[in-house]
Visitor: 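This is the structure, below, for whatever I ask next.
All residue numbers in this chain count up from 1 along the given sequence.
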Amino acid sequence: GLQHRGPGVWKQWYQRRVRGCEDALMHLLNYVWPNVFETSPHVINAVMEAVEGLKCALGPVKILQYTLQGMFHPARKVRDVYWKIYNGLYISAQDSLVSSYPRIPDDEKNSYVRHELEYFL
């Protein structure tokens with residue numbers, strides 16, 4: 001059925017069209033990203049759809065790298081936008097994000113080391 005052909009078609013398209021064009025897609029992301037702060041609903045939807053498409057093309061880790069920079073910004077309006085992007089990213093690709101989370105050194109009370117992940121890496 002159509003459900004089973006979908007992933008195969010996407011993989012073929014990706015290998016033919018997107019693979020090797022990561023630099024151009026990163027350039028596109030750099031043009032799209034400043035527009036996440038727009039206030040018009042139409043522009044917001046277009047930017048979020050562009051970010052979703054670029055997440056599929058470049059991988060969720062690249063979008064996470066852009067998102068982490070603003071999640072703890074002092075301005076609430078900036079944080080809200082970045083957390084909205086992160087929440088969508090987490091819902092759609094949480095398993096892919098685990099290996100890209102920043103390492104946090106252990107402190108006296110807590111252990112943050114992920115030993116199993118480091119065995120693989």
Side-chain angles (χ1 to χ4, degrees):
L2 291 174
Q3 297 89 354
H4 299 292
R5 284 191 291 230
V9 171
W10 164 251
K11 185 177 178 184
Q12 287 176 350
W13 179 87
Y14 176 76
Q15 289 176 344
R16 289 184 194 155
R17 305 282 180 185
V18 178
R19 204 169 193 183
C21 298
E22 286 87 2
D23 291 341
L25 292 172
M26 285 298 297
H27 188 65
L28 178 64
L29 178 61
N30 288 330
Y31 273 109
V32 168
W33 196 259
N35 295 313
V36 297
F37 300 111
E38 289 291 328
T39 56
S40 169
H42 294 91
V43 177
I44 292 170
N45 288 338
V47 169
M48 291 303 167
E49 288 178 10
V51 170
E52 283 289 318
L54 289 166
K55 177 197 69 160
C56 292
L58 294 170
V61 173
K62 286 291 182 195
I63 305 300
L64 179 68
Q65 290 170 343
Y66 275 71
T67 306
L68 285 174
Q69 66 184 343
M71 289 174 60
F72 304 101
H73 193 275
R76 184 174 156 256
K77 288 186 177 186
V78 174
R79 283 194 316 265
D80 288 346
V81 170
Y82 279 93
W83 276 97
K84 180 180 177 183
I85 295 169
Y86 174 76
N87 288 336
L89 190 62
Y90 183 79
I91 287 171
S92 63
Q94 66 191 70
D95 56 337
S96 300
L97 298 177
V98 172
S99 62
S100 63
Y101 286 139
R103 291 185 179 187
I104 302 172
D106 293 344
D107 59 16
E108 295 154 3
K109 292 175 69 176
N110 301 309
S111 174
Y112 299 107
V113 177
R114 298 167 290 186
H115 296 287
E116 295 80 8
L117 181 63
E118 290 178 359
Y119 293 152
F120 179 72
L121 298 176

Visitor: Rounded to the nearest 0.5 Å, how far does NZ of K77 lie from CG of D80?
Guide: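 Here the interatomic distance stands at 9.5 Å.
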Visitor: Considering non-hydrogen atoms only, spot the tightest contact between S96 and V61 and give its length.
Guide: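 Closest pair (atom of S96, atom of V61, distance): O-CG2, 3.9 Å.
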Visitor: Under the side-chain contact (heavy atoms from CB on, under 4.5 Å) test against I85, which residue among V36, L64, V47 passes?
Guide: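 Among the candidates, only V36 passes.
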Visitor: To the nearest 0.5 angstrom, please state how far the OG atom of S92 sits from the CD1 atom of I63.
Guide: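 CD1 of I63 is found 10.0 Å from OG of S92.
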Visitor: Return the minimal non-hydrogen interatomic distance between L58 and L25, and the atom names on each side.
Guide: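 Taking L58 first and L25 second, the nearest heavy atoms are CD2-CB, 3.7 Å.
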Visitor: Return yes when atom CG of D23 has more than 12 non-hydrogen atoms of other residues, nucleotides or ligands closer than 6.0 Å, and no otherwise.
Guide: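 Result for CG/D23: open.
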Visitor: Hey, are the side chains of K62 and E22 touching, using non-hydrogen atoms and a 4.5 Å cut-off?
Guide: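 In short, these two side chains do not touch, never coming nearer than 4.5 Å.
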Visitor: Tell me whether F37 is reachable from I44 by hopping between hydrophobic residues (I, L, V, M, F, W, Y) whose side-chain heavy atoms are closer than 4.5 Å.
Guide: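 In one cluster with I44: F37, yes.
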Visitor: Test of understanding: clusters of I, L, V, M, F, W, Y form through side-chain heavy atoms closer than 4.5 Å, transitively. Do L97 and V113 belong to the same one?
Guide: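 L97 and V113: separate clusters.
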Visitor: When clusters are formed by joining ILVMFWY residues with side-chain heavy atoms under 4.5 Å apart, either directly or through shared neighbours, do M71 and M48 land in the same one?
Guide: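 Both belong to a single hydrophobic cluster.
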Visitor: List for me each residue that meets ring-ring contact (aromatic ring centres under 6.0 Å, His included) alongside H73, sequence neighbours excluded, and say none if there are none.
Guide: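 So H73 forms no ring-ring contact (aromatic ring centres under 6.0 Å, His included) with any residue.
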Visitor: What is the minimum heavy-atom distance between Y66 and M26, and which atoms define it?
Guide: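 Scanning both residues completely, I find the closest heavy atoms to be OH-CE, 3.4 Å.
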Visitor: Name the orientation class of the two ring planes belonging to Y101 and Y86 (parallel below 30°, tilted from 30 to 60°, perpendicular beyond 60°).
Guide: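 Tilted.
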Visitor: Taking side chain as C-beta onward, heavy atoms only, is L89 less than 4.5 Å from V51?
Guide: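 No, side chains not in contact.
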Visitor: Shortest non-hydrogen contact from P74 to R79?
Guide: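 Answer, listing the atom of P74 first, then R79: O-NH1, 2.9 Å.
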Visitor: Check whether any side-chain heavy atom of N87 sits under 4.5 Å from a side-chain heavy atom of K84, and report yes or no.
Guide: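 N87 does not reach K84 side chain to side chain.
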Visitor: Filter on salt bridge (Lys or Arg N to Asp or Glu O under 4.0 Å), then keep only pairs touching residues 27-44, sequence neighbours left out; what's left?
Guide: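 Non-adjacent pairs meeting salt bridge (Lys or Arg N to Asp or Glu O under 4.0 Å): zero.
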Visitor: Any link between Y82 and F72 through a network of hydrophobic side chains (Ile, Leu, Val, Met, Phe, Trp, Tyr) touching at under 4.5 Å?
Guide: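 Yes: a chain of side-chain contacts under 4.5 Å links Y82 to F72.
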Visitor: Looking at every heavy atom in both Y112 and D107, which two are closest together, and how far apart are they?
Guide: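 Y112 and D107 have their closest heavy atoms at OH-OD2, 3.9 Å.
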